[in-house]
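The chains referred to below are lettered A, B, ... by the order of the sequence lines, with proteins before strands, and numbering in each begins at 1.
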Amino acid sequence: MTSVPRFRFAPSPTGYLHVGGARTVLFNWLEARRVGGEFVLRIEDTDTERNRPELTENILEMLQWLGLGWDGEPTYQSQRFDSYTAAADRLLADGRAYWCDCTAEEVQARAKERGGPPGYDGHCRDRGVERGTTTALRFRSPDEGSTGFDDLIRGHVVVENKTLEDFVLLRSSGTPTFLLANIVDDADMAITHVVRGEEHVNGTPKYLCLGDALGLDYRPVFAHLPVLVNEKRQKLSKRRDSVSVQEFKDQGYLPEAMVNYLALLGWGPKDGVEVRPLAEIVELFRLEDVTSSPAFFDVKKLQAFNSDHVRALPVDEFVDRARPFLSRGDIAEQAMAPLAELVQERVRLLTEVEPMIAFLIDDPVVIDDDSWTKAMVKGKAAPEMLDAAIAALDELTAWEAAGIRLAVEAAAVAVGLVNAEGQPQLSKAQGPVRVATTGRTVGPPLFESLEALGRDRTLARLREARARL
RNA sequence: GCCCCCAUCGUCUAGUGGCCUAGGACACCACCCUCUCAAGGUGGCGGCACGGGUUCGAAUCCCGUUGGGGGUGCCA
């Protein structure tokens, strides 16, 4: 029987899914997909104190959103405590574990006194401490020899067993800790590939020694991914860095842009084509090609990827995606309809859509102060231009972009905003008209915008602005 | 302190001994295009941390230094 490659993502519900976790999922998922293996989820909720069940929901929801599905139902460690305590009992019976009644303070005090490395010193190893309400079960780490493992990304890693301290297996509350639950489950679930963050490298020898002590004969393939860092090159942390996937979703990032960008953190396609669909990345991705150095999570580049993915959308798909970000619902959607294509190529984030078409919804239009100053106060011949535009547009019989353009051009000529050849200078002439009607100096092309605005509102706004001058 | 890991433009990367006077992308700057803003086009800025080896030849291999990171929890 040949076993299928099996990958897993094992988050603990103590925080929202963040981009680092998402990248770990992605790399697991990508490799699993490529080799035709399975990708499963295991919720590591062993710490009943910090566990926040509702966060599991967020993690699952974000994975769905990113399009990184999993096989089968997630496993919950909180429902498998029996397996862990059984393993712990075995270790205790075999003399590979012992009860310890030291408090954290005592451990620290002794470490300080002896001046050596902090951490547990094996104080209770042979004290014959009985199980009590304040005792934790510790693993008796091997004193000699060394433990090594092969890592797809880092090569061979070896550590001396004597540097492995006697870590806790069972808390005094009786709940199992990470390492114990981890190895028991990985073996039980027949995980063949352990792909996780670099922060787990140091724990791996402990994990392996534990497995040996348990007689598991279990050796998965490891791949420790480089961590994602902030601008100060520290590991991304939910606490100090704003990196939850949910936030990016809320800001109007597209999931395809997100996974595309994340795939390029620690890996790059040989052909150099960065912006591409996930399906292509699945074909090209190789876990062994992943870099071993930390990568900076650059929001600027993410934004650039998002712009590309937004523009690559068919226009009705773009409208569908933008819909949840339109706070004013149908009104906004109807307003956007005629300008959708023009808006699409101007936004980086979906949250930028509504501000761009707000002038079609707000009545009266909200005028941006800086824009007003720039176009009306500092701009050339604003009053004259508005007068001329009003006159020209008022005479228009058909209200469509091309005709509106001709009228504005005629107005420009009338007030002398022309170049050496006597041609209208729209770059100068459009300013006052744009600000009067849309409230801003920037936005979708003016004439299409005015067509969408309608004759009456356009003229009314021009007259209102003129009156203010 | 101890253990482990890492080191190519500001950032993400390509590069696995000669194809490299190091390629691409983001960012930045300039110009072009242009009704604003985008988009697009062209060009520019900018890097193999340092020192020793090995080799005919090193960004690529080895050693050291320096710098950075991760771990060192009754968190995961």
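Taking atom CD on A:Gln108 and atom P on B:U72, their separation rounds to 13 Å, with Å as the unit. Across the protein-nucleic acid pair, A:Arg348 atom CZ and B:A38 atom C1' stand 11 Å apart, rounded to whole Å. For A:Tyr261 and B:A27, the OH to P distance is 12 Å, given to the nearest whole Å. Protein atom CG of A:Asn260 is 14 Å distant from nucleotide atom C1' of B:U13, rounded to whole Å. Spacing between atom CD1 of A:Ile357 and atom P of B:U36 amounts to 22 Å, rounded to whole angstrom units. One atom, CZ of A:Arg110, and another, P of B:U72, lie 19 Å apart when rounded to the nearest Å. To the nearest angstrom, P of B:U36 lies 10 Å from CG of A:Leu446. Across the protein-nucleic acid pair, A:Asn202 atom CG and B:C3 atom P stand 11 Å apart, rounded to whole Å.
Neither OP1 nor OP2 of B:G70 sits under 4.0 Å from any side-chain N or O of A:Arg196. Between A:Lys206 and B:G71, a side-chain N or O to OP1/OP2 separation shorter than 4.0 Å is absent. Proximity of A:Arg434 to the phosphate of B:U36: no side-chain N or O atom is located under 4.0 Å from OP1 or OP2. Close to B:A76, at under 4.0 Å from its OP1 or OP2, lies a side-chain N or O of A:Thr46.
For A:Arg80 and A:Tyr76, the positive end is not near the middle of the six-membered ring at less than 6.0 Å and at most 45° from its axis.
Contact annotation for A:Arg50: base contact, defined as any heavy-atom pair under 4.0 Å involving a base atom. Using a 4.0 Å heavy-atom distance criterion, A:Gln77 is classed as making no nucleic acid contact. Contact annotation for A:Phe167: no contact, since no heavy-atom pair falls under 4.0 Å across all strands. In this structure, A:Thr441 reaches the bases: a heavy-atom distance under 4.0 Å links it to at least one base atom across the strands shown. Within the nucleic acid shown, A:Phe178 comes within 4.0 Å of at least one base atom, counting heavy atoms only. Residue A:Val158 is in sugar-phosphate contact alone, with no base atom involved, counting any heavy-atom pair closer than 4.0 Å across all strands shown. Within 4.0 Å of A:Glu198, counting heavy atoms only, lies at least one base atom of the nucleic acid. Looking at heavy-atom distances under 4.0 Å, A:Glu160 makes no contact with the nucleic acid at all.
None of A:Phe305, A:Phe297, A:Tyr261 except one satisfies the ring pair (Phe, Tyr, Trp, His ring centres under 6.0 Å) rule with A:Phe248; the exception is A:Phe297.
With hydrogens and angles ignored, a donor-acceptor pair closer than 3.5 Å exists between the side chain of A:Ser172 and the base of B:C74.
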Residues 285-295 of chain A side chain polar contacts: donor-acceptor under 3.5 Å, at least two apart:
| residue | atom | partner | partner atom | Å |
| --- | --- | --- | --- | --- |
| A:Arg286 | NH1 | A:Glu283 | O | 3.4 |
| A:Thr291 | OG1 | A:Gly266 | O | 3.0 |

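Residues forming a side chain to side chain donor-acceptor pair (under 3.5 Å) with A:Arg461 (at least two apart in sequence, or on another chain): A:Asp363.
Ring planes of A:Phe139 and A:Phe167: tilted class, angle from 30 to 60°.
Each of A:Pro445 and A:Lys232 has a nearest nucleotide on RNA chain B; the 5'-most of these lies closest to A:Pro445.
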